[in-house]
Amino acid sequence: MIYLKLFISFFKIGLFTFGGGYAMLPLIEKEVMNNKWMELDELVNFVAVSESTPGPFAVNVSTYVGSVVGGVFGAISATLGVVLPSFIIILLLAKCYGKFKESKIVNGCMNGLHPAVVGLIAAAALSIGKSVFRISTETIVSSSGALTSIGIIIVAIFMLYKKSNPIWVICVSGLIGIVSGYLLE
């Protein structure tokens, strides 16, 4: 039964999310937390790992969640669930796109979806950011871990602004984290 639940949960995520893996993060987080499949910290850790591994982000995360919840068959169920809607939709769109590519309705819909995707990504960043910084309304951001995280974010943004390869951004960020771990303990 867990395999069907994983498949349906990730099928819904794949079906109702436009914009790729990052736009899926709020929905993935909601499903994982509502079903109590893992703790938020564990999910956040794997989001970071997914960034540094090859393959589509959504596939990596769904495969991981599925494997934690249901082993190999859970991983297969969750991965098929998240991929199948896109596969079906792309097949249908490819078949029909030539007829509708000049449509004002289609162009308007796409123009409306772009800002929504940015909003979903921003919501995911805020949600994960809360876990990274462990900020509550009663605390002040003064811990060395929070300062290190802020520093890493600044370095990553600067490197991406300078068009650095994302692999270098990940490597430098990881190195800063390792060095700060040794220096701050």
Rounded to the nearest 0.5 Å, how far apart are [atom1] of [X] and [atom2] of [Y]?
{"X": "Phe57", "Y": "Ile28", "atom1": "CZ", "atom2": "CD1", "answer": "6.5 Å"}
{"X": "Ile152", "Y": "Leu175", "atom1": "CD1", "atom2": "CG", "answer": "9.5 Å"}
{"X": "Leu84", "Y": "Leu15", "atom1": "CG", "atom2": "CG", "answer": "9.5 Å"}
{"X": "Leu80", "Y": "Leu6", "atom1": "CG", "atom2": "CG", "answer": "11.5 Å"}

_Applying side-chain contact (heavy atoms from CB on, under 4.5 Å), can you list everything that pairs with Asn165, at least two apart in sequence or on another chain?_
Ile167, Trp168
*asked:* Going by side-chain contact (heavy atoms from CB on, under 4.5 Å), name the residues that satisfy it together with Ile157, two or more places apart in sequence or in a different chain.
replied: Ile153
Using the rule that two of Ile, Leu, Val, Met, Phe, Trp, Tyr join whenever any of their side-chain heavy atoms come within less than 4.5 Å, decide whether [X] and [Y] are in one cluster.
{"X": "Tyr161", "Y": "Val169", "value": "no"}
{"X": "Met33", "Y": "Val44", "value": "yes"}
{"X": "Ile88", "Y": "Ile90", "value": "no"}

_To check you understand the geometry: which heavy-atom pair defines the closest contact between Gly81 and Pro85, and what is its length?_
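Minimum heavy-atom separation between Gly81 and Pro85: O-CD, 3.0 Å.
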*asked:* For Met38 versus Val32, what's the shortest heavy-atom pair and its separation?
replied: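 For Met38 and Val32, the tightest heavy-atom pair comes out as CG-CG1, 3.3 Å.
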Donor-acceptor pairs are to be reported for all side-chain atoms of residues 58-65 against protein atoms at under 3.5 Å, with residues two or more places apart or in another chain.
| from | atom 1 | to | atom 2 | distance (Å) |
| --- | --- | --- | --- | --- |
| Asn60 | ND2 | Thr53 | OG1 | 3.0 |
| Asn60 | ND2 | Pro54 | O | 3.4 |
| Ser62 | OG | Ala58 | O | 2.9 |
| Ser62 | OG | Val59 | O | 3.1 |
| Thr63 | OG1 | Val59 | O | 2.7 |
| Thr63 | OG1 | Thr79 | OG1 | 2.5 |
| Tyr64 | OH | Glu42 | OE2 | 3.1 |

_Residue pairs passing the ring-ring contact (aromatic ring centres under 6.0 Å, His included) test where at least one lies in residues 68-92, sequence neighbours excluded_ =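 Every candidate ring-ring contact (aromatic ring centres under 6.0 Å, His included) pair involving residues 68-92 fails, so no pair, neighbours aside, qualifies.
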All N/O donor-acceptor pairs, side-chain side in residues 7-14, below 3.5 Å, sequence neighbours left out:
| from | atom 1 | to | atom 2 | distance (Å) |
| --- | --- | --- | --- | --- |
| Ser9 | OG | Lys5 | O | 2.9 |
| Ser9 | OG | Glu31 | OE1 | 3.0 |

_Min side-chain heavy-atom separation Leu43-Trp37 under 4.5 Å_ =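 They are not in side-chain contact.
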*How would you list all residue pairs meeting side chain to side chain donor-acceptor pair (under 3.5 Å) that involve residues 80-96, not counting sequence neighbours?*
none
